[in-house]
Amino acid sequence: MSAFPYAAVALVAAFASQSAAAACYLVYAPNQEIVYRAPSPPVDMSREIHETLPRVAPGATLVFSLDDQGCELTINKLPLASASAQRGMRPARADRG
């Protein structure tokens with residue numbers, strides 16, 4: 001059985017509830033290697049993921065889960081520049097509709 005249905009349900013549940021918070025964040029490199037796993041997000045979650053994740057890990061995929069199993073051991077193979085870039089980000093621009 002594929003993990004996709006479970007991931008889709010978890011994602012919908014997270015979006016449906018404003019108070020929902022992820023328990024574990026995983027970043028997969030383009031070769032499907034886990035390059036980040038921790039209870040704290042690797043990017044600024046107040047911004048669009050497609051704006052922030054490519055700056056930290058180009059071509060990577062961010063997956064977050066409400067389940068914290070396996071997240072006890074932190075993995076961080078992201079470049080050190082990503083941590084400083086997150087703090088020094090510009091404010092979001094207004095839409096040009």
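Atoms considered below: every heavy atom in the structure, side chains included; atoms not considered: hydrogens, waters and symmetry mates. Remember, predicted model here, so these are calculated numbers, not experimental data.
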Subject >> Nearest-0.5 Å distance, CG of residue Asp44 to CG of residue Leu53 >> reply: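 Reported value, rounded in 0.5 Å steps: 12.5 Å.
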Validation row: [X], [Y] side chains within 4.5 angstrom (heavy atoms):
| X | Y | answer |
| --- | --- | --- |
| Leu62 | Pro42 | yes |
| Tyr28 | Val63 | yes |
| Arg37 | Leu73 | yes |
| Val35 | Leu78 | yes |
| Phe64 | Val27 | no |

**OP:** Would you name the heavy atoms of Gly59 and Pro30 that are closest together and state the gap between them?
**Re:** O-CG, 3.4 Å
Subject >> Residue pair Cys71 / Ala38: nearest heavy atoms and the distance that separates them >> reply: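 Nearest pair, atom of Cys71 first, then Ala38: SG-C, 3.3 Å.
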Original post:
Using a distance-only test with no angle check, is there a side-chain donor-acceptor pair under 3.5 angstrom linking Asp67 and Ser65?
Top reply: no
**OP:** Report, as yes or no, whether the 6.0 Å neighbourhood of atom CD on Glu72 holds more than 12 heavy atoms from other residues, nucleotides or ligands.
**Re:** yes
**OP:** Apply salt bridge (charged side-chain N to carboxylate O under 4.0 Å, His left out) to Glu33 and list each qualifying residue two or more places apart in sequence or on a separate chain.
**Re:** Lys77
